[in-house]
Amino acid sequence: MDAKTIIAKRVAQEFEDGYVVNLGIGIPTLAADFLPTGISVILQSENGFLGLAPLDGPVADVDLVNAGGKAVSIIPGGAVFDSAMSFAIIRGGHVDMTVLGALEVDQEGNLANWMVPGKLVPGMGGAMDLVSGAKKVIVAMEHTTKDGSPKILKKCTLPLTGKGVVNFIITNLCVFEVTPAGLLLLEIAPGVTVDEVRTNTVAEFVIKPQMCTMPIV
Amino acid sequence: MDAKTIIAKRVAQEFEDGYVVNLGIGIPTLAADFLPTGISVILQSENGFLGLAPLDGPVADVDLVNAGGKAVSIIPGGAVFDSAMSFAIIRGGHVDMTVLGALEVDQEGNLANWMVPGKLVPGMGGAMDLVSGAKKVIVAMEHTTKDGSPKILKKCTLPLTGKGVVNFIITNLCVFEVTPAGLLLLEIAPGVTVDEVRTNTVAEFVIKPQMCTMPIV
Amino acid sequence: MSKITTIEQALEFVQENMTVMIGGFLGAGTPERLIDALVNKGTKNLTCIANDTAMPDKGIGKLVVSRQLKKAVVSHIGTNPETGRQMNTGELEVELIPQGTLAEQIRAGGAGLGGILTPTGLGTIVAEGKEVITVDGREFLLEKSLKADVALIKAHTADTAGNLIFYRSARNFNPLMAMAAKVVIVEAENIVEKGQIDPDQVMTPGIFVDWIIKG
Amino acid sequence: MSKITTIEQALEFVQENMTVMIGGFLGAGTPERLIDALVNKGTKNLTCIANDTAMPDKGIGKLVVSRQLKKAVVSHIGTNPETGRQMNTGELEVELIPQGTLAEQIRAGGAGLGGILTPTGLGTIVAEGKEVITVDGREFLLEKSLKADVALIKAHTADTAGNLIFYRSARNFNPLMAMAAKVVIVEAENIVEKGQIDPDQVMTPGIFVDWIIKG
């Protein structure tokens, strides 16, 4: 199983039936393909609707795109609204869970995912609202950068998307919970050792006594 | 012509073609019956729609009422919305003119029309928003109370609906403009003398050099 | 799990001392069946947030007459003499709020905003004890956002997913209150299957709605 | 007086140095005909308020490529490399705003509110230089309301009175911007007679719309 699939499958287990979920572009969106049996969620698309259909569904028209600008479709029972209502839903705590990627995340739950000064400045889009408004914020990302540098730090160095907003970090190596006392290692991926996690993580963390192997198949 | 008709007819002359207008219950609403020829206005009903039909129009159903709770109808080209949008329209300056009654109005443009402490406390409803948001605020009322007491004062004694918000006062005796320097007597009703206005008005006022007779027929 | 339920089960969520938002404008757009059942049930000491207290025999007015309210947060009580009477005797606390401010405070509650900055009420007793914020030299009143434990909503049509359509001026505060309460109970004149309302026509998305009863 | 006009006459209202709001989300719901005509006309030094700068060959992106913008107030520029390039060289000023804040600021502009109180951006560089207001012990950022000289809007259907219906996710910022500009120009795919849109289906009331061109 490749890193992205591990992460997406583990994220999918966080879904509960009836959840309203907003998924970022990339790995987070992939998670919708691995919904546990009997679990149905409602996907919110921050550009203005609820009931985003899975990406492999039929594509209706150019006037219906997801937050990445891709043509998508909407499920029966969906609802369309303007951008103010879309973010009233997000900011108002009506989204149960949001899953986003990160450039950096740290042991205080800070998240940086919208700019690298002088290099990459895409803008925050809806991310700052999502992390401040969603009930549960999950960072889903490969544990390190492509060149192997740690992304889970003691303190973010890049401009923040949100301060103290992250609840869980799900990577191809492990699952961390962000607690008031710092990071708690809940699970490690099959075949991964705690040492391996430690080597690839700058942040301090505590191992949960009941730590288990990531339950993915 | 009775007092109410005089006032309603004079108010109607303030309408300009295409105006979005909100009319209070009573005399203000009556003004819509005297629209000058060729002038068409759009009536806003603060309970949530544009395109309020004249009161003598056909009445549709109990789910369509005006701000007084009376069953009304809506003209072709009307639009319905929620209360937040209704007051976004009002507060946001999208209503060209509002016409309201008053318990008291004063020479600084203060208006009191929503409560008499210890006696009458109906509540302000939408009046405070209307006077703070509409582009032009006209008080339309009989010049004195039923027992002949003046209602146009130096300073309102009742709790205010709005501070310095009134632009014009139209009564059965005269028309005042509220200017930064105080009240300016623009017109007097046919057969009314300036002395008569003075006797029935506590507020100080200046007579406009080009003062004329109220142009009503 | 179906959102369709009985009026009795729905009203289990309305308990003494709760804050309840109720849609409607002088009775138009008020869920009368829910009100009647709540009067029968007799739940007391409610704080009611609504536009007005309607008439003694209509809408929210019935809850005033039955003395189930300890507080009314409304813009207008003039059409219900019983509200004024209970206010004067001290039986009922009445907080009067400008209608546009009230609507926006409820919207802000649902939208996760800390309050609103409005010019409405400046220089009046409405401003007493409230913070005035100056933005670019212009003054605004800070009015806090409003939330509730339960909202009682009247819709014209609901689908089984809870998507709502309102009819004419019965819309008023209903869509706003549906966003601002922990539990949202809808009395719908018509109930249709999920998918029968075009997504563009939905006025309140189904995620806001917890329970639907047939009106 | 008819609101239907030609694209040339409508664009007379867009002058140099104006602030222009343009609807759309990565091009979806952007009035492409108005944009193309504005590119042809070449009006310069515009400040554009929009969700994003789309792509170089699409929507607002074309105005970036043609160097007609001096400032972009947007939430996202990642899909248009030309925006980033001009920002880095100092040719174009870019103010990045969280999307929900931007939407609410525009709505506040149209609704006559002094600004919004949002938790979004607290503890980030978005908060730098801005006032923090504490309400009931919780901190919120005061973000000012936004208005424009002109709004360029894309609608699916307009009636001759200016009432608008939007289609699917092409709605996005369009209804908000239609409330917040002095002159509102709508590019409508379909134009119907007044009275052909049911009042309950109207998404933007006609009073907000000044001019309509056929899209």
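In this text the structure is predicted, and so the values were computed from the model without any measurement. Numbers restart at 1 for each chain; the letters A, B, ... are given by sequence-line order, proteins then strands.
Heavy-atom proximity under 4.5 angstrom to chain C picks out nothing from residues 18-32 of chain D. The stretch residues 173-200 of chain D places D:D198, D:P199, D:D200 near chain C, each with some heavy atom under 4.5 Å from a heavy atom of that chain. Residues of residues 112-122 of chain D placed with any heavy atom under 4.5 Å of a heavy atom in chain C are listed by number as D:G112, D:L113, D:G114, D:G115, D:I116, D:L117, D:T118, D:P119.
For NZ of D:K144, the number of neighbouring non-hydrogen atoms (other residues, nucleotides, ligands) closer than 6.0 Å is 12 at most.
Within the structure, salt bridge (Lys or Arg N to Asp or Glu O under 4.0 Å) pairs that include any residue of residues 122-132 of chain C comprise C:K130-C:E143 (at least two apart or interchain).
Using a 4.5 Å cut-off between heavy atoms, C:I165 makes no contact with chain D at all. Interface residue C:E104: only side-chain heavy atoms are found under 4.5 Å from chain D. Only the side chain of C:L142 comes within contact range of chain D, with heavy atoms under 4.5 Å apart.
A distance of 5.5 Å separates CE of D:M203 from CD of C:Q201, quoted to the nearest 0.5 Å.
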